[in-house]
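Everything on this sheet refers to the single structure shown next.
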Amino acid sequence: MASAIRTIDLTKRYDEATVVNGLDLDIETGEVFGLLGPNGAGKTTTILMLLGLTEPSSGSMEILGLDPRRHPLEVKRRVGYLPDAVGFYDDLTGRQNLRFTARLNQIDDMDHTIDDLLGQVGLQAAADQPAGEYSRGMKQRLGMADALVKDPSILILDEPTTAIDPEGVAEILDMIRRLAVEKQVTVLLSSHLLNQVQAVCDRVAIFVAGSVVAQGTPHDLAAEQVGHVRVEFRFAGDVATARSRLGQIATVDDVIVGRVPNSLIATLDPGTLADTVNGLVSGGSKLVGVRRVDDDLDAIYRRYFETREEVTA
């Protein structure tokens with residue numbers, strides 16, 4: 001599949017500070033890709049370079065085969081962008097702000113599309129209310145509609161769910177997934193909210209202090225980082241004895257109580273799973289189920305972040 005966004009050794013420096021360091025990305029058409037990291041990690045600077053809004057210090061980049069530095073207008077025509085701090089004309093209504101964006105992009109006959117977009121982001125009732133009266137969450141919703149006015153091939157979202165209520169967050173994430181699946185829109189999502197990134201992204205890049213320390217699916221990142229797997233064991237009856245047996249197996253790193261009744265989660269080398277099961281059964285534990293449990297992004301990110309801190313300390 002063709003690359004929608006590609007960067008090679010992309011770097012941005014401000015005086016002595018390196019904000020983005022040697023970034024390599026290859027994001028496919030229709031993929032939802034997450035830039036994950038705390039504020040100040042380099043995510044927004046990366047986005048600004050991709051949009052041609054700030055010059056990289058070195059490296060190269062392509063958006064739909066175009067260099068944003070040489071073809072900034074063409075890139076902007078084909079990319080929808082929702083910034084972290086979205087702004088609108090306060091004296092215009094939500095609907096009028098979207099019409100203004102359409103005119104700027106030389107798009108005519110947009111009334112039906114604008115009505116549809118306002119519906120998708122849940123602003124039908126406030127469509128004709130001045131944007132200056134909107135809450136922060138409402139402005140984020142309007143910003144999502146604004147980014148979609150020109151029917152973009154790529155959607156770049158910088159913290160898109162800021163100040164939105166939980167129901168609205170679910171709606172926005174569902175919209176992102178539908179755009180990718182149904183319309184093959186490529187989505188680059190920048191966020192520090194790990195659960196949301198995990199819910200919607202096909203792959204993620206973890207940013208720490210200007211550098212991407214890992215890329216891949218959450219499953220790949222877990223395997224790559226820790227070199228072991230987490231396995232849930234389910235038992236018939238009490239698990240106290242089974243927990244003691246697991247704790248005595250040399251290849252098991254740790255054991256915790258699982259989320260379902262009568263279950264334990266153990267961390268172990270995948271090559272020792274069969275021996276672990278045999279040890280439990282031969283010891284008398286009534287094992288009724290075994291399944292692998294992937295780490296969530298929160299645990300994965302914390303390990304990468306802690307490892308980076310140890311290296312730079």
Side-chain angles (χ1 to χ4, degrees), residues 2-87 101 104-105 140 143-144 146-148 150 152-162 176 179-180 185-193 197 201-216 301 304-305 308:
S3 296
I5 299 173
R6 177 178 293 171
T7 70
I8 300 174
D9 199 29
L10 192 65
T11 300
K12 180 65 177 180
R13 302 183 188 89
Y14 291 105
D15 297 325
E16 300 300 316
T18 300
V19 182
V20 177
N21 186 21
L23 175 62
D24 294 323
L25 294 177
D26 194 348
I27 303 173
E28 296 180 349
T29 299
E31 184 174 19
V32 182
F33 192 95
L35 298 180
L36 178 62
N39 294 332
K43 306 186 304 294
T44 297
T45 301
T46 296
I47 288 172
L48 295 178
M49 287 191 287
L50 294 175
L51 291 167
L53 297 175
T54 188
E55 285 279 328
S57 302
S58 60
S60 63
M61 54 186 170
E62 287 185 354
I63 306 295
L64 299 170
L66 300 169
D67 187 334
R69 294 168 292 187
R70 298 177 181 175
H71 306 281
L73 294 180
E74 181 63 22
V75 167
K76 289 178 177 64
R77 287 191 194 100
R78 302 174 69 179
V79 177
Y81 173 45
L82 174 60
D84 180 23
V86 61
T101 297
L104 284 179
N105 287 277
Q140 285 296 114
M144 187 72 178
D146 188 77
L148 292 169
K150 52 190 168 182
S153 300
I154 294 176
L155 190 59
I156 297 181
L157 308 173
D158 196 354
E159 303 285 356
T161 58
T162 301
I176 290 170
L179 286 167
V185 174
T186 303
V187 182
L188 180 62
L189 170 63
S190 167
S191 181
H192 68 281
L193 301 173
V197 171
C201 291
D202 300 304
R203 289 189 298 143
V204 298
I206 297 179
F207 265 81
V208 178
S211 296
V212 170
V213 296
Q215 282 190 60
Y301 177 75
Y304 275 107
F305 191 75
R308 179 71 178 210

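Everything numeric in this text was worked out from a predicted model, so none of it was measured.
- Going from atom CD1 of I27 over to atom CG of L25 covers 5.0 Å, rounded to the nearest 0.5 Å.
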Might you work through the side-chain contact (heavy atoms from CB on, under 4.5 Å) test for K12 and L48, ending with a clear yes or no? CA-CA 11 Å; K12 180 65 177 180; L48 295 178; over 6 Å; no

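- In this view, D26 and R6 satisfy the salt bridge (charged side-chain N to carboxylate O under 4.0 Å, His left out) rule, not counting sequence neighbours.
- Of all non-hydrogen atoms in C201 and L189, the two that sit nearest each other are SG-CD2, 3.9 Å.
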Does the side-chain contact (heavy atoms from CB on, under 4.5 Å) test come out yes or no for L50 and I154, once each step is laid out? CA-CA 11 Å; L50 294 175; I154 294 176; over 6 Å; no

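- A pairwise comparison of heavy atoms in T29 and T186 identifies CA-OG1, 3.2 Å as the closest pair.
- Counting heavy atoms from C-beta on, the side chains of P152 and V79 never come closer than 4.5 Å.
- Here R13 pairs with nothing under the salt bridge (charged side-chain N to carboxylate O under 4.0 Å, His left out) rule; sequence neighbours left out.
- Between S60 and L10 the shortest heavy-atom distance is O-CD1, 4.0 Å.
- The one candidate from V187, L188, V197, L179 that meets the side-chain contact (heavy atoms from CB on, under 4.5 Å) condition with V32 is V187.
- In terms of modelled atom types and a separation under 3.5 Å, the side chain of Q140 and the main chain of P160 share a donor-acceptor contact.
- Closest heavy-atom contact between G30 and A180: O-CB, 3.5 Å.
- Side-chain atoms of T7 come within 3.5 Å of backbone N or O of L23 as a donor-acceptor pair.
- Between atom OG1 of residue T46 and atom CD1 of residue I5 there is a gap of 11.0 Å, rounded to the nearest 0.5 Å.
- Considering every non-hydrogen atom in both V20 and G42, the closest pair reads CG2-O, 3.5 Å.
- To the nearest 0.5 angstrom, D158 atom CG is 5.0 Å from Y81 atom OH.
- Under a 3.5 Å cut-off, the side chain of T11 and the backbone N or O of D9 do form a donor-acceptor pair.
- Closest heavy-atom contact between F33 and V204: CZ-C, 4.1 Å.
- If you take CG on L53 and CD1 on I47, they are separated by 10.5 Å, rounding to the nearest 0.5 Å.
- L155 places a side-chain heavy atom less than 4.5 Å from the side chain of L148.
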Tell me, with the steps shown, if E159 and N39 meet side-chain contact (heavy atoms from CB on, under 4.5 Å). CA-CA 10 Å; E159 303 285 356; N39 294 332; 4.2 Å; yes

Between L157 and M144, is a side-chain contact (heavy atoms from CB on, under 4.5 Å) present by the stated rule, with each step listed? CA-CA 8 Å; L157 308 173; M144 187 72 178; 3.9 Å; yes

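- Put simply, OG on S191 and CG on L35 are 10.0 Å apart, with the number rounded to the nearest 0.5 Å.
- At distances below 3.5 Å, at least one donor-acceptor pair connects side-chain atoms of K150 with backbone N or O atoms of K76.
- For the atom pair CD of E62 and NE2 of H71, the computed distance is 9.5 Å after rounding to the nearest 0.5 Å.
- At least one side-chain heavy atom of P56 sits less than 4.5 Å from a side-chain heavy atom of M61.
- The backbone N or O of D24 sits less than 3.5 Å from a side-chain atom of Q215, completing a donor-acceptor pair.
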